[in-house]
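Written out below as structure tokens is the structure these notes cover.
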Amino acid sequence: MHRTEHASPSLPADDPTGLQYFAVLLRRLNGEFNRVAHEFAQTQGLHLTDVQALVAILDADPEEGPMTPGRLRGLLDLTSGAMTACLDRLERAGHIRRVRAADDRRVVHLHYAEAARGVARDFFQPLARGTEAARQRFSADELAVVSRFLVEMNRELALLRSGPASRP
């Protein structure tokens, strides 16, 4: 990963806990993560969607069982053909393995390939060091609040994705 300097518009100064302030910070964070993901995709000869698929496979909730092409397709909102092309690219590049379920050979489970974990670990090591450096500037109590906020943001985003009927 390489660093680039970007002009950054100033944050709204009137309320550092206000919605507009958070919106700007979250957009900036999302933009930076997207730039890192795009750079990783380019170094691996992948599409950005492929990287999103890798992240979904890596971060799959074990309580929901192994990731399947159907579940991944729903998460990424891809057509069946686009999902197949994505998985083919990831498998050819050595990032994933498709494994048939032992109890039902029609079911395919997607696994992040061990060799690919090393490639990703090497690429994202600077990000991991930066994250740890930022974490070290906060107390355990402050980090607990940040974690709680991120959990709640992810919950809200999942609710948005699932549609208005699922909102409380």
Side-chain angles (χ1 to χ4, degrees), residues 1 25-135 138 140 143-168:
M1 287 185 312
L25 290 175
L26 290 170
R27 282 192 305 269
R28 285 182 187 172
L29 183 67
N30 185 56
E32 291 302 324
F33 279 131
N34 284 340
R35 279 185 272 287
V36 170
H38 184 72
E39 189 174 330
F40 180 73
Q42 286 183 319
T43 66
Q44 297 300 303
L46 300 172
H47 297 253
L48 190 54
T49 301
D50 302 344
V51 176
Q52 292 169 331
L54 282 173
V55 169
I57 293 166
L58 182 63
D59 292 346
D61 185 347
E63 289 184 15
E64 295 180 23
M67 183 60 75
T68 64
R71 249 179 69 213
L72 185 58
R73 191 176 139 241
L75 285 172
L76 299 180
D77 195 27
L78 296 176
T79 65
S80 181
M83 185 79 270
T84 299
C86 173
L87 293 176
D88 288 347
R89 283 189 303 271
L90 289 172
E91 193 170 43
R92 265 193 316 273
H95 286 281
I96 65 163
R97 292 179 302 110
R98 296 179 199 181
V99 178
R100 297 224 174 255
D103 59 334
D104 185 347
R105 304 288 295 152
R106 296 170 297 174
V107 176
V108 174
H109 295 160
L110 304 172
H111 298 279
Y112 206 120
E114 206 50 49
R117 287 180 190 269
V119 169
R121 192 176 306 113
D122 290 345
F123 182 88
F124 290 105
Q125 192 62 43
L127 177 60
R129 283 193 300 270
T131 301
E132 185 55 24
R135 285 181 68 249
F138 293 86
L143 289 172
V145 172
V146 170
S147 293
R148 198 172 90 233
F149 173 77
L150 293 172
V151 165
E152 289 301 317
M153 280 302 305
N154 281 312
R155 187 178 74 73
E156 290 297 326
L157 290 168
L159 286 172
L160 285 172
R161 184 173 15 99
S162 56
S166 62
R167 296 208 50 91

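Computed from a prediction, not measured in an experiment: that's the story for all the values here.
Side-chain contact between His111 and Ile96: absent, with no pair of heavy atoms (C-beta onward) separated by less than 4.5 Å. The shortest distance between side-chain heavy atoms of Gln44 and Phe123 does not fall below 4.5 Å. Contact check for Leu160 versus Glu156: no side-chain heavy atoms found under the 4.5 Å cut-off. Put simply, the side chain of Leu110 does not reach to within 4.5 Å of the side chain of Val99, judged on heavy atoms. Counting heavy atoms from C-beta on, the side chains of Leu54 and Asp50 never come closer than 4.5 Å. Looking at Arg100 and Val107, their side chains never come closer than 4.5 Å, going by heavy atoms from C-beta outward.
Relative orientation of the Phe124 and Phe40 rings is tilted, given thresholds of 30° and 60° on the angle between their planes.
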> Given Arg97 and Glu91, is the side-chain contact (heavy atoms from CB on, under 4.5 Å) satisfied, shown in steps?
Replying inline: CA-CA 6 Å; Arg97 292 179 302 110; Glu91 193 170 43; 5.6 Å; no
> Hey, mind stepping through Phe33 and Leu127 against side-chain contact (heavy atoms from CB on, under 4.5 Å) and telling me if it holds?
Replying inline: CA-CA 10 Å; Phe33 279 131; Leu127 177 60; 4.1 Å; yes
> Does the pair Glu114 and Arg117 meet the rule for a salt bridge (charged side-chain N to carboxylate O under 4.0 Å, His left out), with working shown?
Replying inline: CA-CA 5 Å; Glu114 206 50 49; Arg117 287 180 190 269; 3.6 Å; yes
>> Between Leu72 and Leu87, does the side-chain contact (heavy atoms from CB on, under 4.5 Å) criterion hold? Intermediate values first, please.
In response: CA-CA 10 Å; Leu72 185 58; Leu87 293 176; 3.9 Å; yes
> Should Arg135 and Val146 be marked as a side-chain contact (heavy atoms from CB on, under 4.5 Å) after you check the CA-CA gap, both sets of side-chain angles, and the distance that decides it?
Replying inline: CA-CA 10 Å; Arg135 285 181 68 249; Val146 170; over 6 Å; no
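Checked against side-chain contact (heavy atoms from CB on, under 4.5 Å), Gln52 has the following partners two or more places apart in sequence or in another chain: Thr49, Leu76. For Arg92, there are no side chain to side chain donor-acceptor pair (under 3.5 Å) partners at least two apart in sequence or on another chain. Residues satisfying the side-chain contact (heavy atoms from CB on, under 4.5 Å) criterion with Glu63, sequence neighbours excluded, are Asp61. By the side chain to side chain donor-acceptor pair (under 3.5 Å) test, His38 is found to be paired with Gln42, residues two or more places apart in sequence or in another chain being considered. With sequence neighbours left out, Arg71 forms a side-chain contact (heavy atoms from CB on, under 4.5 Å) with Ala60, Glu64, Met67, Thr68.
For Ala120 against Tyr112, the heavy-atom pair with the smallest separation is CB-OH, 3.5 Å. Contact detail for Cys86 and Ala53: the closest heavy-atom pair is SG-CB, 3.8 Å.
Remark: Arg155 engages Glu152 in a salt bridge, criterion side-chain N to carboxylate O under 4.0 Å. Look at Arg98 and Asp88 and you find a salt bridge, because one of the NZ, NE, NH1 or NH2 atoms lies within 4.0 Å of a carboxylate O, short of that distance.
We find the CD-CG distance between Glu39 and Leu48 to be 12.5 Å, quoted to the nearest 0.5 Å.
Shown here is Phe138, whose CZ atom has no more than 12 heavy atoms of other residues, nucleotides or ligands within 6.0 Å.
Among pairs with a residue in residues 76-86, none fulfils side-chain hydrogen bond (donor to acceptor under 3.5 Å, both in side chains), at least two apart in sequence or across chains.
Of the possible donor and acceptor atoms, none in the side chain of Asn30 sits under 3.5 Å from a partner among the backbone N and O of Leu26.
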